Visitor: 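Before anything else, here's the structure in question.
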Amino acid sequence: MTANVTIRIQEADFDIAREIASLTANRSDIGAVVSFTGICRGSEDGAAIAALTLEHYPGMAEAEIARHAETAMARWPVSGIRVVHRVGRITPGENIVLVVTASKHRQAAFEAAEFLMDYLKANAPFWKRVDSPGGASWVEARDHDEDAAARWTKP
């Protein structure tokens, strides 16, 4: 069987259980599913957050995520990948991103999910603005996110 890959960027929230069920439906070759869900926090470095606003370049973001999904499929024997990333205004407690990977064995599913999430956090073409009581500011990439993503390309 071939890998089932779905990549969506949307404003609407997503249902984690429904996404996993859709990925694994009628697949007897899957023995492990790993999921990661990113959720909007209510504070950052001790400062309250009213909301996050995420923007992207339509078409480019999907293509870049698909390119990294292809890399994950080449590196690990995954049966399925699902990436759902929200854009627009997201308030504390709401879902931001979902990465689901499926494989015959857990190690491949774990590593592929971690690889994809590290890429999304550090290098995906999304722009994030934090709205706080003190005003709004754009978020720059952080060194620890860059380091996490870079470990997958080190020799």
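All figures in this text were calculated on a predicted structure; none of them were measured in a lab. Side chains are part of it too, since the values below use all heavy atoms of this structure and drop only hydrogens, waters and symmetry mates.
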Visitor: Is a side-chain N or O of Ser103 found less than 3.5 angstrom from the main chain of Ala32, in a donor-acceptor match?
Guide: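 Not confirmed, Ser103 side chain does not pair with Ala32 backbone.
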Visitor: Does a side-chain heavy-atom distance below 4.5 Å link Arg8 with Val83?
Guide: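 Heavy-atom side-chain distance check fails, nothing below 4.5 Å.
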Visitor: Between Ile7 and Val33, is there a shared hydrophobic cluster once you connect ILVMFWY residues whose side-chain heavy atoms come closer than 4.5 Å?
Guide: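 Shared cluster, no.
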Visitor: Are Ile20 and Val99 connected in the hydrophobic side-chain network, where two residues link if heavy atoms are under 4.5 Å apart?
Guide: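 Different clusters: Ile20 never reaches Val99 through Ile, Leu, Val, Met, Phe, Trp or Tyr contacts under 4.5 Å.
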Visitor: Considering only NZ, NE, NH1 and NH2 on the basic side and carboxylate oxygens on the acidic side, decide whether Arg67 and Glu64 come within less than 4.0 Å.
Guide: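 Result for this pair is yes, salt bridge flagged.
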Visitor: Tell me if a side-chain donor or acceptor on Glu111 pairs with a main-chain N or O of Ala108 at a distance below 3.5 Å.
Guide: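 Side chain of Glu111 to backbone of Ala108, a donor-acceptor pair under 3.5 Å: no, none is there.
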Visitor: Among Val97, Thr71, Ile81, Val100, find the one that has a side chain to side chain contact (heavy atoms under 4.5 Å, CB included) with Leu116.
Guide: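 Among Val97, Thr71, Ile81, Val100, the one meeting side chain to side chain contact (heavy atoms under 4.5 Å, CB included) with Leu116 is Ile81.
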Visitor: Do you reckon Ile39 sits in the same ILVMFWY cluster as Ile9, going by side-chain contacts under 4.5 Å, direct or chained?
Guide: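 No: no chain of side-chain contacts under 4.5 Å links Ile39 to Ile9.
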Visitor: Indicate if Val130 and Ile90 have the same hydrophobic cluster label, given that clusters are the connected sets of ILVMFWY residues with side-chain heavy-atom separations under 4.5 angstrom.
Guide: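 Same hydrophobic cluster.
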Visitor: Side-chain heavy atoms nearer than 4.5 Å, only ILVMFWY residues, links allowed to pass through others: does that put Leu120 and Phe36 together?
Guide: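 Hydrophobic grouping puts Leu120 with Phe36.
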Visitor: What closest approach, in Å, do Ala50 and Thr91 show between heavy atoms, and which atom pair accounts for it?
Guide: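 Nearest pair, atom of Ala50 first, then Thr91: O-CG2, 4.0 Å.
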Visitor: With sequence neighbours left out, what residues match Arg106 under salt bridge (charged side-chain N to carboxylate O under 4.0 Å, His left out)?
Guide: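 Not a single residue meets the salt bridge (charged side-chain N to carboxylate O under 4.0 Å, His left out) criterion with Arg106.
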Visitor: With a cut-off of 6.0 Å (strictly less than), are more than 12 heavy atoms of other residues, nucleotides or ligands near CZ of Phe14?
Guide: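 Count over threshold, so yes.
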Visitor: Do the side chains of Asn123 and His68 get nearer than 4.5 Å, heavy atoms only?
Guide: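 A side-chain contact under 4.5 Å is absent here.
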Visitor: With sequence neighbours excluded, what pairs up with Ser22 under the side chain to side chain donor-acceptor pair (under 3.5 Å) test?
Guide: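 Side chain to side chain donor-acceptor pair (under 3.5 Å) check on Ser22 returns Arg82.
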Visitor: Please test Thr6 against Leu23 for side-chain contact (heavy atoms from CB on, under 4.5 Å), starting from the C-alpha separation and ending with a verdict.
Guide: CA-CA 8 Å; Thr6 301; Leu23 180 66; 5.9 Å; no
Visitor: Is a side-chain N or O of Arg86 found less than 3.5 angstrom from the main chain of Asn95, in a donor-acceptor match?
Guide: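 Such a contact is found between Arg86 side chain and Asn95 backbone.
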Visitor: For Pro92, enumerate each residue passing the side-chain contact (heavy atoms from CB on, under 4.5 Å) test, keeping only those at least two apart in sequence or located in another chain.
Guide: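 Checked Pro92 against side-chain contact (heavy atoms from CB on, under 4.5 Å); matches are Cys40.
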Visitor: Compare every heavy atom of Arg89 with every heavy atom of Thr53, then report the nearest pair and how far apart it is.
Guide: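 Result for this residue pair: OG1-CA, 4.2 Å.
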Visitor: Evaluate the side-chain contact (heavy atoms from CB on, under 4.5 Å) criterion for residues Tyr119 and Ile65: first the C-alpha distance (whole Å), next the side-chain angles of each, then the deciding distance (0.1 Å), finally the verdict.
Guide: CA-CA 9 Å; Tyr119 158 72; Ile65 295 168; 4.2 Å; yes
Visitor: Under 4.5 Å between any side-chain heavy atoms of Gln107 and Trp76, yes or no?
Guide: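 With C-beta onward as the side chain, the pair stays apart.
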